[in-house]
Structure formats: structure tokens, C-alpha cells
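Report on the structure given below.
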Amino acid sequence: QVQLVESGGGLVQAGGSLRLSCAASGRAVSSYAMGWLRQAPGKEREFVAAINRSGGGTIYTDSVKGRFAISRVNAKNTVYLQMNSLKPEDTAVYYCATDGTYMLRRDVKDYHYWGQGTQVTVSS
């Protein structure tokens with residue numbers, strides 16, 4: 001069983017920054033790839049970024065490349081999402097998730113373990 005708890009969301013002006021954290025617990029969590037996904041009001045949940053178990057491999061959706069950075073500290077069982085140059089269209093509930101394997105995943109349907117989400121609101 002895997003438990004994921006996100007924190008760090010909030011209200012920020014366009015152009016600002018936030019850092020989200022995801023505290024993970026459970027068996028072998030440090031051996032899993034981890035992802036961040038988001039869901040905006042009235043829209044489907046979408047992939048944002050993912051990181052492999054060592055932290056040496058990352059993937060991003062095109063709309064956040066160059067602005068967001070995913071990282072992890074396995075000794076703390078924590079995954080981060082640094083978000084810079086935020087835009088109003090980044091407003092969403094952000095979720096930390098994993099499929100419980102080492103595979104990097106882009107498809108929302110592949111993720112099986114989810115946190116409760118943290119709200120990010122970017123004002124214009």
C-alpha cells in the first residue's frame with residue numbers, strides 16, 4: 001500500500017512561483033517512478049511531469065517545459081514540483097501519483113495510487 005500526501009499549493013500571481021511537495025509512505029516507495037498530474041475546473045485530469053526512481057530521468061508535458069521542474073529526495077521519500085513563471089492556465093488541483101513500478105508514465109490511466117491533491121490558483 002502507498003500513501004501520498006501533497007502540500008504547498010496556494011494562490012499566486014501570474015509570473016510567480018510555488019513549490020509543491022509530495023510525502024510518500026509505504027513499501028519500496030523510493031523504488032517507484034513518481035508523477036505529478038493536474039485537473040483544472042471542467043477539464044480532464046492531465047499529466048504534468050514524472051521522475052524515475054533515481055531522479056536522473058524526467059519527462060514533462062510540453063506546456064510546462066522550461067517552467068516546471070520535478071525532483072525527489074529518496075532519503076525523505078519526498079517528491080517536489082518547482083513551478084516558475086506561473087500562468088492563469090496552470091490553475092488546477094495538482095496530484096502526486098504513482099503506478100507502483102519503475103516505469104515513467106504519461107497516461108493518466110496508468111497511475112493507480114493518488115494523493116488527495118493540492119489546489120494551485122494563479123491570478124492574472
Side-chain angles (χ1 to χ4, degrees):
Q1 193 73 359
V2 176
Q3 288 85 40
L4 304 171
V5 179
E6 303 95 335
S7 61
L11 173 64
V12 64
Q13 288 189 329
S17 298
L18 281 174
R19 188 176 81 157
L20 306 183
S21 298
C22 171
S25 60
R27 258 180 60 178
V29 167
S30 61
S31 66
Y32 301 156
M34 299 293 296
W36 285 97
L37 301 96
R38 67 186 179 186
Q39 187 165 18
K43 295 190 175 181
E44 293 188 352
R45 200 166 293 188
E46 65 173 356
F47 169 79
V48 176
I51 188 166
N52 68 0
R53 54 188 172 181
S54 71
T58 57
I59 54 174
Y60 297 90
T61 192
D62 286 347
S63 63
V64 308
K65 283 181 182 176
R67 299 189 299 122
F68 290 12
I70 188 171
S71 61
R72 67 191 297 165
V73 177
N74 285 338
K76 296 184 178 181
N77 280 344
T78 302
V79 181
Y80 303 97
L81 185 67
Q82 178 67 44
M83 305 186 295
N84 299 325
S85 301
L86 282 160
K87 304 175 181 181
E89 51 263 44
D90 295 317
T91 294
V93 176
Y94 282 73
Y95 298 91
C96 175
T98 181
D99 75 340
T101 75
Y102 64 91
M103 299 288 290
L104 288 172
R105 304 290 193 185
R106 290 184 180 271
D107 194 327
V108 173
K109 294 189 293 295
D110 289 329
Y111 286 88
H112 303 308
Y113 302 99
W114 296 81
Q116 83 289 348
T118 185
Q119 176 71 47
V120 171
T121 303
V122 184
S123 63
S124 57

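- Residues meeting the side chain to side chain contact (heavy atoms under 4.5 Å, CB included) test with Ser123, sequence neighbours left out: Leu11, Gln13.
- Partners of Thr121 by side chain to side chain donor-acceptor pair (under 3.5 Å), not counting sequence neighbours, listed by chain and number: Gln119.
- Annotation: salt bridge (charged side-chain N to carboxylate O under 4.0 Å, His left out) contacts of Arg67 (sequence neighbours excluded): Asp90.
- The side-chain contact (heavy atoms from CB on, under 4.5 Å) test with Tyr32 is passed by exactly one of Thr101, Val2, Ile51: Val2.
- Taking CG of Leu104 as the reference point, atom CE of Met34 lies at 12.0 Å (rounded to 0.5 Å).
- Using a 4.5 Å heavy-atom cutoff, the side chains of Val120 and Thr91 are not in contact.
- Heavy-atom minimum distance, Ala28 versus Ser31: O-OG, 2.6 Å.
- Atom CH2 of residue Trp36 and atom CE of residue Met83 lie 8.0 Å apart, to the nearest 0.5 angstrom.
- Applying the salt bridge (charged side-chain N to carboxylate O under 4.0 Å, His left out) test to Asp99 and every residue at least two apart in sequence or in another chain returns Arg105.
- For Ser30, the side chain to side chain donor-acceptor pair (under 3.5 Å) test picks out no residue, with sequence neighbours left out.
- Listed by chain and residue number, nothing satisfies the side chain to side chain donor-acceptor pair (under 3.5 Å) test with Lys43 (two or more places apart in sequence, or in another chain).
- In this structure, OG in Ser21 is found 9.5 Å from CD in Gln82, a value given to the nearest 0.5 Å.
- Remark: the backbone N or O of Cys96 is paired with a side-chain donor or acceptor of Glu6 at under 3.5 angstrom.
- Nearest heavy-atom pair, Ser124 versus Ala14, reported as atom, atom and distance to 0.1 Å: CA-CB, 4.4 Å.
- No continuous path of ILVMFWY side-chain contacts below 4.5 Å connects Phe47 to Leu20, so the two sit in separate hydrophobic clusters.
- A distance of 11.0 Å separates SG in Cys22 from CD in Gln3, rounded to the nearest 0.5 Å.
- Among residues two or more places apart in sequence or in another chain, the side chain to side chain donor-acceptor pair (under 3.5 Å) test is passed with Glu89 by none.
- Hydrophobic clustering, defined by side-chain heavy atoms of Ile, Leu, Val, Met, Phe, Trp and Tyr closer than 4.5 Å, leaves Val5 isolated from every other such residue.
- Separation of atoms CZ (Arg106) and CD1 (Ile59) is listed at 4.5 Å; rounding is to 0.5 Å.
- Pairs engaging residues 77-96 under the ring pair (Phe, Tyr, Trp, His ring centres under 6.0 Å) rule: Tyr95-Trp114 [sequence neighbours left out].
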(message) The test is side-chain contact (heavy atoms from CB on, under 4.5 Å); show your working for Val93 and Arg38 and say whether it passes.
(response) CA-CA 5 Å; Val93 176; Arg38 67 186 179 186; over 6 Å; no

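- For the pair Leu37 and Ala97, the tightest heavy-atom approach, listed with the atom from each and the gap, is CD1-CB, 3.7 Å.
- Atom-to-atom distance recorded for Phe68:CZ and Leu81:CG is 6.0 Å, nearest 0.5 angstrom.
- When the salt bridge (charged side-chain N to carboxylate O under 4.0 Å, His left out) test is applied to Lys87, no partner is found at least two apart in sequence or on another chain.
- For Thr118 (side chain) and Ser7 (main-chain N/O), no donor-acceptor pair under 3.5 Å exists by modelled atom type.
- At most 12 heavy atoms of other shown residues, nucleotides or ligands fall within 6.0 angstrom of atom CD in Gln1.
- Through direct or relayed side-chain contacts under 4.5 Å between Ile, Leu, Val, Met, Phe, Trp and Tyr, Tyr102 connects to Met103.
- Residue pairs satisfying the side chain to side chain donor-acceptor pair (under 3.5 Å) criterion with at least one member in residues 49-60, sequence neighbours excluded, are listed as follows: Asn52-Ser54.
- The hydrophobic cluster containing Val64 also contains Val79, counting ILVMFWY residues as joined when their side-chain heavy atoms lie under 4.5 angstrom apart, directly or transitively.
- A pairwise comparison of heavy atoms in Leu4 and Ala24 identifies CD2-CB, 3.6 Å as the closest pair.
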